[in-house]
Chemist: 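I'd like to ask you about the structure that follows.
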Amino acid sequence: MPSYVITGVSKGLGFEFLRQISADLNNTVIGIVRDKPTTDKKVSEELSRRSNIHILHADVTDYDALQQAVVETAKITGGSLDYLVANAGYVTQLDAFEPIGVLGNKPQELEGDLNKSIKVNVTSNIHLFNLYMPLILKGQVKKVVTISSGLADLDPINNFELEVSPLYSISKAAMNIAVAKFHAQYKKDGVLFISISPGTVDVGHYTHATQEELQKLGAMMQKFQQYAPDFKGPTTPELAVKDVISVWEKASVENGDGGTYVSHKGNKQWLHSA
Ligand SMILES: NC(=O)c1ccc[n+]([C@@H]2O[C@H](COP(=O)([O-])OP(=O)(O)OC[C@H]3O[C@@H](n4cnc5c(N)ncnc54)[C@H](OP(=O)(O)O)[C@@H]3O)[C@@H](O)[C@H]2O)c1
């Protein structure tokens with residue numbers, strides 16, 4: 001009866017993790033969300049009769065709420081946890097189409113969004129991991145997964161002048177280091193910490209983009225195509241989640257995967273090819 005806690009299951013990749021993992025009724029799947037009534041409704045409409053799903057309320061930036069989620073998780077699982085998946089993320093729109101120097105023209109917004117990116121994507125996950133550690137250490141599987149992004153890798157940024165999403169990328173890169181530090185501490189206890197990028201996935205982030213923003217998006221996609229000539233555009237949450245789960249299932253402390261930062265292919269190829 002493996003148990004999972006996944007943050008940010010209200011939509012996007014998080015909901016897809018919830019959907020795929022709960023399809024096996026042997027899995028106990030606990031999703032953490034900010035808006036529990038709306039997610040409960042979505043689950044009852046789209047994933048009805050899955051009594052193995054439990055939705056808990058917490059904004060991941062609220063330490064007390066996370067503490068309460070741990071207490072409630074322990075009641076559901078009997079005090080242990082096998083998989084913890086830090087999926088919730090702040091994907092800022094401020095920097096989605098702008099390089100860091102252009103954001104410099106709006107210093108207060110830059111600072112506000114960078115602080116928020118660090119708070120949600122780094123600090124909250126550090127608290128999440130620390131608070132769940134007693135349960136993870138009692139679990140059988142002991143895997144802690146962070147959903148990262150290929151945008152945090154230095155090589156494509158430098159080689160293909162990937163200038164967009166600077167604040168988001170900075171926060172994801174910082175979290176990769178946090179993951180390695182957790183590994184450094186808990187390797188001896190057999191806990192796997194790993195950062196996995198899902199690739200570029202269509203979760204509707206660009207639905208309301210303006211014509212000008214779409215042009216900038218097109219320029220970024222061209223750079224992606226230079227980087228990976230087979231790249232044909234964003235993939236679906238279904239395929240991305242399958243890939244990410246397969247990477248964490250194959251990964252182990254024994255094989256040297258602890259503290260690493262890899263793609264949905266388990267390597268440094270960040271984009272899905274056709
Ligand atoms: N889509 C991609 O191409 C892509 C690529 C690389 C990495 N990622 C990563 O994948 C993860 C999931 O993103 P997504 O693409 O599925 O985007 P998404 O559809 O915007 O989902 C983000 C999720 O995070 C939750 N969340 C945000 N702030 C939160 C907070 N303070 N407390 C609790 N939950 C919070 C959101 O909940 P609400 O509904 O309450 O807002 C939502 O469930 C993120 O870590 C993202 O960085 C995505």
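Small disclaimer: the values here were computed from a predicted structure and weren't measured. Throughout, residue positions are numbered sequentially from 1 according to the sequence presented. As the structure lists them, so they are numbered: ligands from 1, and atoms in each ligand from 1.
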Chemist: Passes salt bridge (charged side-chain N to carboxylate O under 4.0 Å, His left out), Glu72 versus Lys75? Steps please.
Modeler: CA-CA 5 Å; Glu72 288 172 40; Lys75 282 185 204 153; over 6 Å; no
Chemist: Side chains of Asn267 and Ser263: donor-acceptor distance under 3.5 Å anywhere?
Modeler: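 Result is yes, a qualifying pair exists.
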Chemist: Applying a heavy-atom cut-off of 4.0 Å, say which part of Pro234 lies close to ligand 1: side chain, backbone, both or neither.
Modeler: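 Neither; nothing of Pro234 gets under 4.0 Å from ligand 1.
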Chemist: Show which atoms of ligand 1 fall inside a sub-4.0 Å distance from at least one heavy-atom site of Gly12.
Modeler: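 In order of numbering, the contacting atoms are 16 (O), 19 (O).
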Chemist: Looking only at protein heavy atoms, which one is nearest to atom 48 (C) of ligand 1, and what is the separation?
Modeler: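 Checked against all protein heavy atoms, atom 48 (C) of ligand 1 sits closest to Leu13 CD1, 3.8 Å.
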Chemist: With a distance cut-off below 6.0 Å to the six-membered ring centre and an angular limit of 45° from the axis, does Lys119 pair with Tyr90 as a cation-pi contact?
Modeler: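 Checked: cation-pi criterion not met.
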Chemist: Identify the heavy atoms of Pro237 and Asp202 that sit nearest to each other, and give their distance.
Modeler: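 Scanning both residues completely, I find the closest heavy atoms to be CD-O, 3.6 Å.
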Chemist: Any atom of ligand 1 sitting under 4.0 Å from a heavy atom of Gly199?
Modeler: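 Checking ligand 1 against Gly199, which is what was asked, there is a heavy-atom contact under 4.0 Å.
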Chemist: Name the closest protein heavy atom to atom 45 (O) of ligand 1, giving the residue it belongs to and the distance to 0.1 Å.
Modeler: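 The closest one turns out to be Asn87 O, 2.8 Å.
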Chemist: Please determine whether any non-hydrogen atom of Glu16 lies less than 4.0 Å from an atom of ligand 1.
Modeler: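 No.
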Chemist: How far is atom 15 (O) of ligand 1 from its nearest protein heavy atom, and which residue and atom name does that atom have?
Modeler: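 The protein heavy atom lying closest is Val203 CG2, 3.3 Å.
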Chemist: Checking contacts here: is it the side chain or the backbone of Tyr168 that comes within 4.0 Å of ligand 1, counting heavy atoms only? Could be both or neither.
Modeler: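 Under 4.0 Å from ligand 1, Tyr168 contributes side-chain atoms alone.
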Chemist: Looking at Ile6 and Leu18, what are the two nearest heavy atoms and their distance?
Modeler: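 Heavy atoms only, the tightest pair is CD1-N, 4.3 Å.
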Chemist: Looking at every non-hydrogen atom in both residues, tell me the closest pair between Tyr227 and Lys268 and how far apart they are.
Modeler: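 Taking every non-hydrogen atom into account, OH-O, 3.1 Å.
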Chemist: Report yes if Lys172 has an N/O atom closer than 3.5 Å to an N/O atom of ligand 1; otherwise report no.
Modeler: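 Yes, at least one N or O pair falls under 3.5 Å.
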Chemist: So if I count the atoms of ligand 1 from 1 in the order they appear, which ones are less than 4.0 Å from some heavy atom of Thr200?
Modeler: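 Matching atoms, with element in brackets: 3 (O).
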Chemist: Does Leu192 reach the side chain of Asp257, with side-chain heavy atoms less than 4.5 Å apart?
Modeler: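 A side-chain contact exists here, since the closest heavy-atom pair is under 4.5 Å.
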Chemist: Scan side-chain atoms only and decide if Ser22 and Asn52 contain a donor-acceptor pair under the 3.5 Å cut-off.
Modeler: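 Their side chains do not contain a donor-acceptor pair, so the 3.5 Å distance test is not met.
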Chemist: Out of Ala88, Gly204, Gly31, whose heavy atom sits nearest atom 35 (C) of ligand 1?
Modeler: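 Going through Ala88, Gly204, Gly31 one by one, Ala88 has the nearest heavy atom to atom 35 (C) of ligand 1.
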Chemist: Which atoms from ligand 1 have a heavy atom of Asp59 less than 4.0 Å away?
Modeler: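 Selected atoms, number and element: 30 (C), 31 (N), 32 (N).
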Chemist: Please write down residue, atom name and distance for the protein heavy atom closest to atom 41 (O) of ligand 1.
Modeler: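 The answer is Arg34 NH2, 2.7 Å.
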Chemist: Can you label the angle between the Trp248 ring and the Tyr83 ring as parallel, tilted or perpendicular, going by 30° and 60°?
Modeler: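 Aromatic pair Trp248/Tyr83 classed tilted.
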Chemist: Quick one: look up the protein heavy atom nearest atom 22 (C) of ligand 1 and list residue, atom name and how far away it is.
Modeler: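 Going atom by atom, the protein heavy atom closest to atom 22 (C) of ligand 1 ends up being Gly89 O, 3.9 Å.
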Chemist: Would you check whether Ser148 reaches within less than 4.0 Å of ligand 1, judged by its heavy atoms?
Modeler: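 Ser148: in contact with ligand 1 (<4.0 Å).
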Chemist: For ligand 1, which atoms, with element, lie under 4.0 Å from some heavy atom of Ile147?
Modeler: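 In order of number, 9 (C), 10 (O), 11 (C), 45 (O).
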Chemist: Quick one: closest heavy-atom pair of Val122 and Ser171, and the distance?
Modeler: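 Nearest heavy atoms, Val122 then Ser171: CG2-O, 3.3 Å.
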Chemist: Quick one: look up the protein heavy atom nearest atom 32 (N) of ligand 1 and list residue, atom name and how far away it is.
Modeler: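 For this ligand atom, the closest protein heavy atom is Val60 N, 2.9 Å.
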Chemist: In terms of the angle between their ring planes, are Phe231 and Phe224 parallel, tilted or perpendicular, with boundaries placed at 30° and 60°?
Modeler: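 It falls in the perpendicular class, over 60°.
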Chemist: Please indicate whether any nitrogen or oxygen in His205 is less than 3.5 Å from any nitrogen or oxygen in ligand 1.
Modeler: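 Between His205 and ligand 1 (N or O atoms, distance only) the closest approach is under 3.5 Å.
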Chemist: Among all protein heavy atoms, pick out the one at the shortest distance from atom 36 (C) of ligand 1; state its residue, atom name and that distance to 0.1 Å.
Modeler: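 The answer is Ser10 OG, 4.0 Å.
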Chemist: Taking 4.0 Å as the limit for heavy-atom contacts, which would you say applies to Val201 with ligand 1: side chain only, backbone only, both, or neither?
Modeler: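 Both of them.
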Chemist: At a 4.0 Å cut-off, with the gap strictly under it, does some heavy atom of Ser197 reach an atom of ligand 1?
Modeler: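 False for this residue.
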Chemist: Answer yes when Arg19 and Glu16 have at least one side-chain N-carboxylate O distance shorter than 4.0 Å, and no when they do not.
Modeler: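 A salt bridge is present here (some side-chain N lies under 4.0 Å from a carboxylate O).
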Chemist: Below the 3.5 angstrom mark, is there an N/O of Val120, backbone or side chain, next to an N/O of ligand 1?
Modeler: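 For ligand 1, there is no N or O atom that lies under 3.5 Å from one belonging to Val120.
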Chemist: Over all heavy atoms of both residues, which pair between Gly31 and Val9 is shortest? Give the atoms and the distance, please.
Modeler: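 Smallest interatomic distance, heavy atoms only, reads CA-CG2, 3.7 Å.
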Chemist: Quick one: sort the Tyr186 and Phe193 rings into parallel, tilted or perpendicular, breaks at 30° and 60°.
Modeler: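 Tyr186 and Phe193: tilted rings.
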Chemist: For atom 23 (C) of ligand 1, what's the nearest protein heavy atom and its distance?
Modeler: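 For atom 23 (C) of ligand 1, the nearest protein heavy atom comes out as Gly8 O, 4.0 Å.
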